Amino acid sequence: MSYIFIDVRKKIAEIVGQSVKEAIDSKELVLNFVSPDKLFSKISIEIPNNRGYGEFSSNIALISTGFFRLPASEISEIILKYINKNCNLCGFIEFCKIENGGFLNFYMNSTFFCKIVKEIDNFGDDYGNSDFGSMCELNNNTFIESNKYSKMPKKILIEYVSANPTGPMHIGNARLGALGDCIAQLLLKSGFAVDKEFYVNDAGNQIEKFGQSLSARYEQIFDEKAIFPDDGYKGEDIKILAKSFADIFNDKYINEDYEVRKRALIDFSLPKNIEKMKNDLEKYKIIFDNWFYESQLYKNGDIEKVVKLLKENSAVFESEGCTFFRTTDFGEDKNEVLIRKNGIPTYFAADIAYHFNKFLIRNYDICINVWGADHHGHISRMKCALKVLGIDPNRLKIITVQLVNVIRNGEINKMSKRDGRAEKLDRFIEEVGVDSARFIFNMQNFNSKMDFDVELAKKNDMSNPIYYIQYAYVRFASIIRTFDLNKIDFNKLNLSVLNSTEEKELIFKLSSFPYEVIESVKKLNPSKISRYMIDLASLCHKFYTEKRVENSDENLSYSRLLLCIQASKVIKTALNMIKISIPKYM
RNA sequence: GUGCCGGUAGCUCAGCUGGACAGAGCAACUGCCUUCUAAGCAGUAGGUCGCGGGUUCGAAUCCCUCCCGGCAUGCCA
């Protein structure tokens, strides 16, 4: 799979490298006690952020002043001579020139722009798809291109949301969901073998508390004086569940043994909560390939097995009636409890077993976990555990997402799970809409904490860019509607008439889509692709305003029409990728 | 105290593997609808890039001190 944009960028890097090499060989440039490889490794081709400086750019002259002991202007003059000689190695370069004291800027010819318009057509819905997933490796938290091309794409498990099933999902889950889902989509488009998973914490301590809370609320229905535990779940949802249980069983469980009553309430309530989560997420267009139940790890003995494995590696000791993991051996501040005094394994123990299952039972190459920032303290000890189990911790990539506050009428509602006052996901999605929510959450970098203003998200202007993008699509759709496409032979067009600034910039933006997808996936950051969409929409609107499609020149009309068709295809592909709806009218 | 994330225009944020005048949107002001959807386009105004050092030909970007905000630091998950 190859794309003109990506190939040209690579080719230009080769030309620059070749030209520098020739300049050195001819002694016109002399390296100052530096190995040539060090210089060549620094060659990278950028896209000038300011349009009007050509399509591609190299700053090699600026960064090599120290290597050659010459001013950038002189170095660039020398390199340019050789570039001019080598330019014909790429058929798309019109010329290269020096600008702003040493930048070597490459301007593309009309063949380039014509070919791009046709290229999009050839790929159709697959435009932007790549086999990056077979030719990369995870290094320092980002994917980098690798020389090792594997026949099989990397097998990735991405786990996200994994909301606690003891209560309704909240706004924080909405951000994690939007982000995780878009990352998964990016990975799929980039040729990884991706499975999306929700980890259901249906066992352990918090389910015990869930049961205690339910039991207390159930008892309170029949006896107002029944005591509610201090650390119980205080949300209304618990009362409602207890009430519906009582509606069916009445006081049948009041005189039952406490453990029996608790179990009955849990078995009644948990499936209801999980079903509700599935429904809400589905409305949010998130569908998981697998729901993994923590209780499985208890039932099949995986937790015991993993603790035993850690023990065999002398990473475990007993103290004060607990089983500890010796995390201090890895430079942590303190040792972590795996099994409590009461015999119940901690979340940490279960999570080690879960990751053991991901890597060694199900054989994923890479696992990505999307976690709220409040979990970040869990990362390093998790990686310690992987080391002991013989799993390279670099194979686990954890994305921590900063928390979200909701702003209503200028007032902040801080998200907080425990007190039951957190913004609920279902209400939130209903109010701002799926498209807006998904887009806004993916627009901002996940490292920044977010104040989500509900009023702004509902507005139909650029405070909410999704409308801006959809509107660009709708405007082009309305142009396309006015033509009878069956009567036009697009193959016969002379597309070189698409040579205005508006047209060339739009085409160039379209050409970079496959590149942008890969750049986003490398950093596992969809905000890049969201901003690309806004830029693309902006160029569409400019073109729309400045250039009339239907005009007296038939070749020009149809060429512009074809450009509209290709641009709307790319917008559609991009919106589909992040699962945002594509309206025909607005 | 220690660790992680952030501090860029009045507001919300891009830019952060060092490089071309620090960019968008919102809010303010000025133009543009008898022609394919004005949910749009063009323009004006607005900045000690938290403070102070350092490295460099060159720093919002890299390093250090400090200040401010959020999160974590549970036998919660």
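Residue numbers start from 1 in every chain, and the chains themselves are labelled A, B, ... in the order their sequence lines are given, proteins ahead of strands. Note that the coordinates shown come from a computational prediction; the quantities given were computed from them, not determined experimentally.
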Original post:
In the structure shown, which nucleotide is the Watson-Crick or G-U wobble counterpart of B:G40, with both distances under 3.5 Å?
Top reply: B:C32
Original post:
Picking from B:G40, B:A20, B:C36, which would you name as closest to the side chain of A:N100?
Top reply: B:A20
Original post:
Under 5.5 Å between ring centres and under 30° between planes: true for A:F103 and the base of B:G19?
Top reply: no
Subject >> Whole-Å distance separating the OH atom of A:Y471 from the C1' atom of B:A39 >> reply: 6 Å
**OP:** If the glycosidic angle is within 90 degrees of 0 it's syn, otherwise anti, so just tell me which one B:C33 is.
**Re:** syn
Polar-atom pairs under 3.5 Å, protein N or O versus N or O of nucleotides 55-63 of chain B: list them with distances, or write none.
| from | atom 1 | to | atom 2 | distance (Å) |
| --- | --- | --- | --- | --- |
| B:C57 | N4 | A:T65 | OG1 | 3.3 |

Original post:
How is A:Y544 classified with respect to the nucleic acid when contacts are heavy atoms under 4.0 Å: base, sugar-phosphate, or nothing?
Top reply: base
Subject >> Pairing partner (Watson-Crick or G-U wobble, both distances under 3.5 angstrom) of B:U73 >> reply: B:G1
**OP:** Measure distances between side-chain N and O atoms of A:T166 and base N and O atoms of B:A77, and say whether any donor-acceptor pair falls under 3.5 Å.
**Re:** no
Original post:
Looking at the side chain of A:L403, which of B:A77, B:A20, B:C71 is the nearest nucleotide?
Top reply: B:C71
**OP:** State the pairing partner of B:G46; accept Watson-Crick or G-U wobble contacts with both distances under 3.5 Å, and report none otherwise.
**Re:** none
**OP:** Using a heavy-atom cut-off of under 4.0 Å over every strand shown, decide if A:K341 touches base, sugar-phosphate, or nothing.
**Re:** base
Original post:
Do we get A:R381 above A:F348's six-membered ring, with its NZ or CZ under 6.0 Å from the centre and within 45° of the axis?
Top reply: yes
Subject >> Residues in ring-ring contact (aromatic ring centres under 6.0 Å, His included) contact with A:F317, at least two apart in sequence or another chain >> reply: A:F324
**OP:** Look at all strands and tell whether A:H376 reaches a base, only sugar-phosphate, or nothing, counting heavy atoms closer than 4.0 Å.
**Re:** base
**OP:** Apply side chain to side chain donor-acceptor pair (under 3.5 Å) to A:K569 and list each qualifying residue two or more places apart in sequence or on a separate chain.
**Re:** A:D121, A:Q566
**OP:** With sequence neighbours left out, write down each residue that passes ring-ring contact (aromatic ring centres under 6.0 Å, His included) with A:Y473, or none if nothing qualifies.
**Re:** none
Original post:
Which residues pass the ring-ring contact (aromatic ring centres under 6.0 Å, His included) test with A:F68, sequence neighbours left out?
Top reply: none
Original post:
Which part of the nucleic acid does A:R381 contact within heavy-atom distance under 4.0 Å: base, sugar-phosphate only, or nothing?
Top reply: base
**OP:** If B:C26 has a Watson-Crick or G-U wobble mate with both distances under 3.5 Å, name it; if not, just say none.
**Re:** B:G10
**OP:** Mind checking A:P48 for me? I need base, sugar-phosphate or nothing, with any heavy atom below 4.0 Å counting as a touch.
**Re:** base
Between the protein and nucleotides 5-10 of chain B, list the N/O to N/O atom pairs that are separated by less than 3.5 angstrom.
| from | atom 1 | to | atom 2 | distance (Å) |
| --- | --- | --- | --- | --- |
| B:C5 | O2' | A:N447 | O | 2.1 |

Original post:
A:Y199: what forms a ring-ring contact (aromatic ring centres under 6.0 Å, His included) with it, not counting sequence neighbours?
Top reply: A:Y354
Original post:
Taking the side chain of A:D374 as its heavy atoms from C-beta onward, which of B:A72, B:A14, B:A20 lies nearest to it?
Top reply: B:A72
Subject >> Quiz item: cation-pi between A:K234 and A:F228, 6.0 Å / 45° >> reply: no
Original post:
Which pairs with one or both residues in residues 447-456 of chain A pass side chain to side chain donor-acceptor pair (under 3.5 Å), sequence neighbours excluded?
Top reply: A:N405-A:D451
Subject >> Pair partner, B:U17 [Watson-Crick or wobble, under 3.5 Å] >> reply: none
Original post:
Using purine N1 to pyrimidine N3 plus N6-O4 or O6-N4 for Watson-Crick, or N1-O2 and O6-N3 for G-U wobble, each under 3.5 Å, what pairs with B:G52?
Top reply: B:C64
Original post:
Looking across every strand, which nucleic acid part, if any, lies under 4.0 Å from A:Q444 by heavy atom: base, sugar-phosphate, or nothing?
Top reply: sugar-phosphate
Tabulated below should be each protein N or O lying under 3.5 Å from an N or O of nucleotides 24-26 of chain B; please produce it.
| from | atom 1 | to | atom 2 | distance (Å) |
| --- | --- | --- | --- | --- |
| B:G25 | O2' | A:M462 | O | 2.8 |

Subject >> Under 3.5 Å donor-acceptor pair, A:H375 side-chain atoms to B:A77 base atoms >> reply: yes
Original post:
Is any side-chain nitrogen or oxygen of A:R531 closer than 4.0 Å to OP1 or OP2 of B:G23?
Top reply: no
Original post:
Quick one: side chain to side chain donor-acceptor pair (under 3.5 Å) partners of A:S512, sequence neighbours excluded?
Top reply: none
Original post:
What is the distance, rounded to the nearest whole Å, between atom CG of A:D451 and atom P of B:C13?
Top reply: 6 Å
Subject >> Residues from residues 325-340 of chain A lying under 4.0 Å of RNA chain B - heavy atoms >> reply: A:K334, A:V337, A:R340
Subject >> Partner residues of A:R175 under the side chain to side chain donor-acceptor pair (under 3.5 Å) criterion, sequence neighbours left out >> reply: none
